[in-house]
Amino acid sequence: MEAAVGMGTTPVTVITGFLGSGKSTLLEHVLRERHGRRIAVIQNELGAGGSLPEQVSMLNETGDRYDEWVELPNGCLCCAVRDKLTIALERLMERRGQFEYILIETTGVANPGALASTFWLDDALESPLRLDGIVTLVDAANVLRHVSARSVETGQVNEVVQQIAYADRLILNKCDLAPSAERLDEVEQTVRTINGLAPIVRAEYAHVDLDAILGTSSFQTQRALDVGASLARARAGVLSGECLPCAPMEPHGTARDDAGSGDAHSIRVQTCSLRTDGRLALEPFKAWLCDLLWERPTRPVFRAKGLLHFAGEDVRPHALQAVHDVWDLKPCGPALVAADSGGDDGGQRGGAAPTNWIVIIGARVDADALGREFRGCVAREGNGGAGEDGAEEGGLGGAHDVDVT
Ligand SMILES: Nc1nc2c(ncn2[C@@H]2O[C@H](COP(=O)(O)OP(=O)(O)OP(=O)(O)O)[C@@H](O)[C@H]2O)c(=O)[nH]1
């Protein structure tokens with residue numbers, strides 16, 4: 001890794017990539033490695049706006065947490081909360097001596113070009129900060145379907161393509177989920193046609209050599225402007241079918257991001273955050289989840305995360321992670337400490353009823369219906385919840401038709 005910060009500027013690396021591609025996994029890898037740097041992290045997640053994303057992504061099995069964590073409010077960094085990003089960066093700069101590097105994790109639908117411009121458009125940030133590079137995670141298991149999603153009416157370039165096009169470094173992640181080496185080569189070739197310049201590193205669980213992504217001084221303003229111009233021409237149809245094999249998007253058209261900022265995201269991504277108190281019945285919850293992820297093609301779910309509590313022996317909170325049709329459920333953090341009620345508590349073994357959270361990101365999300373269904377999973381007499389065993393040790397998971405097409 002490059003040793004110098006250079007002329008007193010603090011380098012910033014932007015970590016981007018579509019929903020579930022492995023950004024938080026990379027962040028955890030970076031923060032756990034012995035790299036000798038004090039790193040401040042700015043995290044921006046779509047969804048709850050409360051503490052759920054932080055709990056899910058940053059609590060490990062022993063309940064460790066990281067310091068120097070700045071969480072931005074709900075909304076996307078590239079548009080709705082861009083001003084908040086500027087303020088967060090300015091605040092961090094007041095504590096400059098306490099860290100040497102800044103990492104920004106964007107939402108899965110951010111446009112890194114809009115984000116990068118923050119660094120040359122804001123005078124207050126331009127001199128103390130230096131955008132070192134944009135690192136884009138590419139989900140080897142899902143990227144082909146993402147880049148080929150089409151919208152004949154709009155001809156829009158989608159977020160996945162933008163994120164790949166603007167990258168200074170590309171991580172082809174989730175290589176373990178590719179069905180064959182040939183398919184992986186095909187995925188890499190497709191990525192290469194969108195961005196022919198950025199080095200590509202293949203990875204599993206975002207395990208990469210940090211020298212390949214940090215301190216690379218790889219960001220160039222002129223290249224970012226050129227990429228922006230190419231994408232704009234592709235959007236206008238000029239480059240359709242030439243440089244970017246991607247231009248069109250899904251038939252459900254252009255959508256404004258949830259926060260209604262005025263910056264259009266091309267994928268109609270909607271987010272809903274659900275919560276319910278009590279302990280959930282494991283089997284009904286699993287059945288609902290599988291139905292949600294696998295059986296509703298007209299309302300696809302791209303991503304779900306949750307912090308859940310089940311009835312049964314294992315009273316530890318469980319983190320749910322789902323990306324398209326693959327999901328897993330693992331214990332995270334210590335069990336809630338509460339006095340055992342001793343009697344019939346409707347499956348609330350472990351004492352006071354805990355709160356379950358789930359964030360669902362998808363298309364045509366019907367929050368009311370999902371809320372009812374989620375609440376229906378609370379353990380009670382008759383749905384197998386009260387008194388049944390909880391999640392198995394080591395976690396549960398599911399995969400359905402995991403294909404790269
Ligand atoms: N099999 C497999 N799973 C992975 C890999 N990398 C990450 N995951 C899993 O994929 C899920 C999503 O990973 P995250 O790191 O949370 O993805 P993200 O890009 O931060 O997600 P969003 O912030 O919601 O966009 C988690 O369950 C990870 O454990 C990988 O290389 N292989």
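Counting starts at 1 for both ligands and their atoms, in listed order.
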Would you mind checking if Arg91 and Glu94 are paired as a salt bridge, meaning a charged N to carboxylate O distance below 4.0 Å?
->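 Judged by the 4.0 Å cut-off on N to carboxylate O distance, Glu94 and Arg91 do not form a salt bridge.
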Would you call Arg32 and Glu28 a salt bridge, taking side-chain N to carboxylate O under 4.0 Å as the test?
-> yes
Taking atom [atom1] of [X] and atom [atom2] of [Y], what is their separation to the nearest 0.5 Å?
X      : Y      : atom1 : atom2 : answer
Ile134 : Tyr166 : CD1   : OH    : 8.0 Å
Cys272 : Leu370 : SG    : CG    : 5.0 Å
Gln189 : Arg192 : CD    : CZ    : 10.5 Å
Thr106 : Ile42  : OG1   : CD1   : 12.0 Å

For ligand 1, is there an N or O atom under 3.5 Å from any N or O atom of [X]?
X      : value
Glu204 : no
Val323 : no
Gly20  : yes

Contacting atoms of ligand 1, where contact means under 4.0 angstrom from a heavy atom of [X]:
X      : value
Glu105 : 20 (O), 23 (O)
Leu177 : 1 (N)
Lys305 : 22 (P), 23 (O), 24 (O)

Taking the six-membered ring for Trp, is the centroid-to-centroid distance between His318 and Phe310 below 6.0 Å?
-> yes
Is the closest heavy atom of [X] to ligand 1 under 4.0 Å?
X      : answer
Ser21  : yes
Glu28  : no
His207 : no

Out of Ile171, Thr25, Leu19, who gets a non-hydrogen atom closest to atom 28 (C) of ligand 1?
->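 The nearest heavy atom belongs to Thr25.
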Looking only at non-hydrogen atoms, which of Leu137, Asp176, Leu320 approaches atom 1 (N) of ligand 1 most closely?
-> Asp176
For ligand 1, which part of Ile361 has a heavy atom less than 4.0 Å away: the side chain, the backbone, both, or neither?
-> neither
Does ligand 1 have a heavy atom under 4.0 Å from the side chain of Arg303, from its backbone, from both, or from neither?
-> side chain
Can you check salt bridge (charged side-chain N to carboxylate O under 4.0 Å, His left out) on Glu105 and Lys23, steps first, answer last?
-> CA-CA 7 Å; Glu105 180 191 350; Lys23 298 177 294 297; 5.0 Å; no
Tell me yes or no: between the side chains of Asp132 and Tyr101, is some donor less than 3.5 Å from an acceptor?
-> yes
